[in-house]
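Excluded from the calculations below are hydrogen atoms, water molecules and symmetry mates; all remaining heavy atoms, backbone and side chain alike, are included. Note on naming: letters A, B, ... go to the chains in the order of the sequence lines (proteins, then strands), and numbering restarts at 1 for each one.
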Amino acid sequence: MSSITVTLPDGSQQSHPAGISPLAIARSISPRLADDAVVAQVNGELRDLTRPLTENTELRILTSKDPQSLEVYRHSTAHLLAAAVLELFPETKLGIGPPIENGFYYDFDRPEPFTPEDLERIEKKMWEIQARDLPYERVWTKKDEGLSKYKDAWMKCELIQERAGDEFSEYTLGPQFIDFCRGPHVPSTKRIKAFKLLSVAGAYWKGDEKRKQLQRIYGTAWFSQKDLDGYLKMLEEAKKRDHRKLGQELELYMIDELAGPGLIFFLPKGATVRRVLEDWMRDAYVERGYDLVFTPHVARLDLWKTSGHANFYGENMFKPMELDDAEYQLKPMNCPGHILIYRSKPRSYRDLPVRLGELGTVYRYERSGTMHGLLRVRGFTQDDAHIFCTPEQIENEVVSCLEFARDVLHTFGFDKYEAELSTWDGGVSGKYDGAPELWALAEKSLRQATERLGWNARIMPDEAAFYGPKIDVKLVDAIGRKWQLSTVQFDFTLPRRFGLEFTGDDNRKHQPLMVHRALFGSVERFFGILTEHYAGAFPVWLAPVQATLLPISDRHAPFARQVLQELKAAGLRATIDERSEKVNMKIREAQLAKVPFMLVVGDKEVESGSVSVRNRRHGDQGAQPVSQFIAGAMKLITERTPFE
RNA sequence: GCCGAUGUAGCUCAGAUGGUAGAGCGCGUCCUUGGUAAGGACGAGGUCACCGGUUCAAUCCCGGUCAUCGGCUCCA
């Protein structure tokens with residue numbers, strides 16, 4: 001028998017008989033490693049631990065510590081799910097079952113819907129199969145043979161036709177189950193220790209809404225029960241922070257059926273937060289050299305024909321309305337309005353850059369079933385600005401936009417964020433608009449801008465908008481979820497469509513470059529993200545009520561009212577709770593309302609002219625003079641401390 | 001728009017084989033004046049999402065509509 005040389009990650013080399021499995025090698029290194037092993041990396045490629053090695057190889061044994069092995073593990077759990085479904089519902093046809101972030105899913109075609117009870121049964125069945133300790137066995141099959149074997153499984157046939165070579169691999173799980181699959185998988189079902197089925201949902205075959213709708217079962221899987229519990233706990237925490245729940249509990253906003261879905265009413269408390277946010281943002285615009293404008297909410301449809309939106313964005317717009325003898329359109333975007341302002345007078349290169357900003361409310365038609373609290377609505381306000389400048393100015397402009405975005409993120413205590421640079425395909429498909437020189441210039445300035453900031457932007461090839469490349473900033477919130485936020489986008493199309501120009505120092509007409517940028521994205525959406533990020537406990541500078549006075553008994557009310565006036569005079573948003581309730585009750589309610597400061601006032605305080613401060617996070621802080629409390633609170637407000 | 005689930009008091013939820021409903025919290029009145037997360041009593045409050053159908057009778061069964069939730073598609 002011939003032998004092969006196996007090189008391990010530490011550089012050491014071993015000689016083994018050809019045909020030995022990585023699992024056997026792992027066992028020879030240490031039984032513990034063999035137990036922990038999930039998958040092998042053979043010459044850089046992930047492979048089953050049990051698949052024999054036939055040539056000299058560089059071998060790495062991946063354990064639960066390697067992130068790639070979790071994907072394999074989840075993929076294997078998806079197979080376990082499919083096997084369980086087929087045992088319980090043999091008539092079911094299998095679609096695909098990949099690993100996803102935090103778990104896996106599998107798509108099934110079956111006339112009857114899966115019920116929550118079915119899910120429980122399936123999960124039980126999965127544990128049953130798990131206990132059988134079935135190996136995931138790789139089988140090598142010829143294409144034509146395979147096609148006849150799968151003739152009843154239409155989706156698998158389609159996949160084999162598309163993806164398989166002359167021969168392809170399949171994985172079995174016990175005598176019945178076999179699945180067209182590239183693998184690799186964990187060695188056996190015993191390896192799968194912690195999973196849970198979460199939900200069933202409709203999903204189109206291949207994500208195409210014209211194709212058949214399947215039933216997708218979602219699950220989560222982890223190497224240990226502890227990890228699974230941790231994840232389930234995170235889901236619970238996310239549920240507690242859900243802005244729709246907090247929005248109602250804290251009276252921030254509402255949606256009323258009578259008005260329609262996706263249309264937001266800000267209640268007084270939410271409106272206060274929003275007002276502070278917007279005022280802050282508008283001031284920041286002015287400080288950074290933007291000119292603020294206002295544009296109308298409706299305009300002749302002709303404007304939208306000129307911009308091209310009526311044509312390529314029409315699906316997403318509210319229907320035009322008849323008025324006099326013209327059609328008018330509710331605006332889905334702010335750009336055309338800003339463009340009209342730009343071209344309302346001749347511009348010289350000396351005027352550039354022109355930065356026009358607006359908190360502009362737009363209305364877009366979202367299909368029913370897509371609305372989601374504040375995150376996906378039909379009417380929303382963009383903190384929108386358009387920058388018109390020369391090619392020489394563009395890089396600095398992009399840098400200032402990104403700096404602005406970064407400062408915004410820091411203000412709200414988002415310390416982790418990532419940038420994505422979406423580029424075009426080089427023009428091969430013809431689906432992008434604009435000259436290659438423009439694309440080159442724009443992509444270069446975007447890239448250099450991120451480099452100047454020391455950002456490590458991920459390049460997303462072929463992800464640009466058709467009208468220009470862009471940078472998207474994604475933030476990571478307090479419990480680790482990612483949200484798309486700021487965006488800086490080039491637009492080569494609109495300046496041309498509207499014939500924008502400026503006079504250069506050569507006394508000739510030139511077309512300005514146009515950048516579209518939004519930092520919050522949508523104020524409503526950002527408000528929702530903030531609500532979840534802070535779990536409803538807005539920082540003092542944003543809190544709808546910053547301090548509430550809690551007189552212990554009626555005789556303390558006059559002093560409390562006097563303090564209230566002092567707080568208000570200092571500019572604090574303060575209230576008083578004069579009900580004849582016990583102070584425990586008043587504290588409980590203020591605490592649940594997440595008021596940052598509860599100021600208890602009793603005999604001692606009246607006598608000494610002080611307040612006893614209770615902080616919503618840190619509890620009783622003891623008595624302090626009113627002036628001292630005001631100074632402390634004002635400091636938090638002017639510094640916009642994100643977490644007091 | 002599509003698949004599935006849900007819709008009962010301001011909120012969170014019970015409820016009956018079909019005979020027009022109940023709790024807790026909240027709200028109102030009164031009592032209580034209490035020092036860091038729920039003091040007590042009484043009371044008001046519902047066309048059981050909406051529109052049809054079946055039935056002697058529908059909140060319950062059937063059909064449709066609307067909305068919400070979990071997803072898909074799309075997206076700020």
Side-chain angles (χ1 to χ4, degrees), chain A residues 105 107 109-110 112-116 118-119 198-218 239 242 244-245 248-249 251 254-262 313 315-316 332-334 360-362 364-384 472 483-487 489 516 518-526 528-529 550-557 578-593 598-605 612-616 618-623:
Chain A
Y105 67 78
D107 284 344
D109 179 20
R110 185 172 90 105
E112 297 294 307
F114 290 116
T115 64
D118 290 338
L119 235 54
L198 297 176
S199 60
V200 209
Y204 301 106
W205 173 234
K206 291 184 178 161
D208 182 346
E209 59 181 322
K210 292 188 192 72
R211 300 283 245 131
K212 184 156 191 183
Q213 188 149 37
L214 312 169
Q215 297 185 61
R216 176 172 296 177
I217 297 183
Y218 283 94
K239 221 175 187 174
D242 192 313
R244 292 168 299 184
K245 182 171 137 74
Q248 186 185 58
E249 285 172 4
E251 299 184 343
M254 63 162 203
I255 295 168
D256 194 302
E257 264 195 54
L258 190 55
Y313 203 69
E315 298 266 290
N316 300 297
M333 300 222 181
N334 298 304
T361 303
V362 296
R364 298 182 185 175
Y365 171 71
E366 295 292 346
R367 303 206 290 184
S368 65
T370 60
M371 263 72 74
H372 184 95
L374 292 172
L375 303 183
R376 187 79 184 272
V377 296
R378 282 184 173 157
F380 61 97
T381 304
Q382 293 180 308
D383 68 311
D384 207 0
D472 290 324
W483 305 86
Q484 147 80 40
L485 197 72
S486 308
T487 184
Q489 305 185 297
H516 166 110
L519 304 183
F520 290 158
S522 137
V523 176
E524 286 79 359
R525 188 179 133 85
F526 186 66
I529 295 171
L550 308 180
I552 286 173
S553 79
D554 292 348
R555 68 177 180 281
H556 308 118
E578 288 193 54
R579 294 173 307 162
S580 34
E581 289 291 348
K582 289 177 127 178
V583 78
N584 277 348
M585 182 59 143
K586 296 183 183 183
I587 284 173
R588 179 184 154 79
E589 290 188 2
Q591 189 75 43
L592 291 174
M598 288 150 267
L599 307 178
V600 178
V601 170
D603 289 336
K604 280 184 294 186
E605 290 77 13
S612 279
V613 179
R614 181 191 164 97
N615 178 295
R616 68 181 166 193
H618 313 299
D620 194 351
Q621 306 289 293

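A distance-only check finds a donor-acceptor pair linking the side chain of H556(A) to the backbone of S553(A) [under 3.5 Å]. At least one donor-acceptor pair under 3.5 Å links the side chain of S486(A) to the backbone N or O of L519(A). In this structure, E524(A) contributes its side chain and T381(A) its backbone to a donor-acceptor pair below 3.5 Å. Put simply, the side chain of R364(A) gets close to the backbone of P332(A): a donor and an acceptor are under 3.5 Å apart.
Among the heavy atoms of the strands lying under 4.0 Å from S612(A) is at least one base atom, whether or not backbone atoms are also near. Among the protein residues, V600(A) comes within range of the nucleic acid bases, having at least one heavy atom under 4.0 Å from a base atom. Heavy atoms of S199(A) sit under 4.0 angstrom from primed sugar atoms or phosphate atoms, though from no base atom. Nucleic acid contact class of R367(A) (heavy atoms, under 4.0 Å, all strands): base. Counting any heavy atom pair closer than 4.0 Å across all strands shown, K586(A) reaches no nucleic acid atom. Among the atoms of the strands shown, base atoms are found under 4.0 Å from some heavy atom of E581(A). At the heavy-atom level, L485(A) lies nowhere under 4.0 Å from the strands shown. Contacts of V362(A) with the nucleic acid, taken as non-hydrogen atoms under 4.0 Å apart, are absent. Residue F520(A) is classed as having no contact, given no heavy-atom separation below 4.0 Å to the nucleic acid. Across all strands shown, E251(A) has no heavy atoms under 4.0 Å from either base or sugar-phosphate atoms. Residue-level contact check: Q248(A) touches the backbone only, with heavy atoms under 4.0 Å from sugar-phosphate atoms and none from bases. Within the nucleic acid shown, H556(A) has no heavy atom closer than 4.0 Å to any nucleic acid atom. Contacts of D208(A) with the nucleic acid, taken as non-hydrogen atoms under 4.0 Å apart, are absent. Residue contacts for G369(A): at a heavy-atom cut-off of 4.0 Å it reaches a base atom on one of the strands shown.
When the P atom is compared between A49(B) and U33(B), the two are found 45 Å apart, to the nearest whole Å. Of the P atoms belonging to C50(B) and C60(B), the separation is 10 Å, rounded to the nearest Å. Nucleotides A38(B) and C2(B) have their P atoms positioned 50 Å apart, rounded to a whole Å. One P atom belongs to U12(B), the other to C69(B), and the distance between them is 12 Å to the nearest Å. With both ends at atom P, the span from G4(B) to C62(B) equals 15 Å, rounded to whole Å. When the P atom is used for both C61(B) and G7(B), the distance is 10 Å, rounded to whole Å. Comparing the same atom, C1', in G39(B) and in C48(B) gives a spacing of 34 Å after rounding to whole Å. On the P atoms, U68(B) is 14 Å away from U8(B), given to the nearest whole Å.
Taking 4.0 Å as the cut-off between side-chain N and carboxylate O, R579(A) and E589(A) count as a salt-bridged pair. Contact check on R110(A) versus D118(A) returns a salt bridge, with a Lys/Arg side-chain nitrogen under 4.0 Å from an Asp/Glu carboxylate oxygen. A salt bridge links R244(A) to D242(A): at least one charged side-chain nitrogen sits closer than 4.0 Å to a carboxylate oxygen.
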Legend entry - Dot-bracket encoding per residue of RNA chain B, Watson-Crick/G-U cut-off under 3.5 Å, | denoting interstrand: (((((((..((((.....[..)))).(((((.......))))).....(((((..]....))))))))))))....
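Of the residues near RNA chain B, Y204(A) and G373(A), the one whose nearest nucleotide (by heavy atom distance) lies more toward the 5' end is Y204(A). Between D620(A) and D554(A), the one whose closest nucleotide on RNA chain B sits nearer the 5' end is D554(A).
Side chains of Q215(A) and D107(A): a donor-acceptor N/O pair is absent below 3.5 angstrom, by distance only.
Running 5' to 3' along RNA chain B, contacts with non-hydrogen atoms of chain A at under 4.0 Å begin and end at G1(B) to A76(B).
Within the cation-pi definition used here (under 6.0 Å to the ring centroid, within 45° of the axis), R216(A) qualifies as a partner of Y105(A).
Sorted by first and then second residue, the salt bridge (charged side-chain N to carboxylate O under 4.0 Å, His left out) pairs with a member in residues 369-378 of chain A read E366(A)-R376(A); sequence neighbours excluded.
Residues R555(A) and D603(A) are in side-chain contact: their nearest non-hydrogen atoms beyond the backbone lie under 4.5 Å apart.
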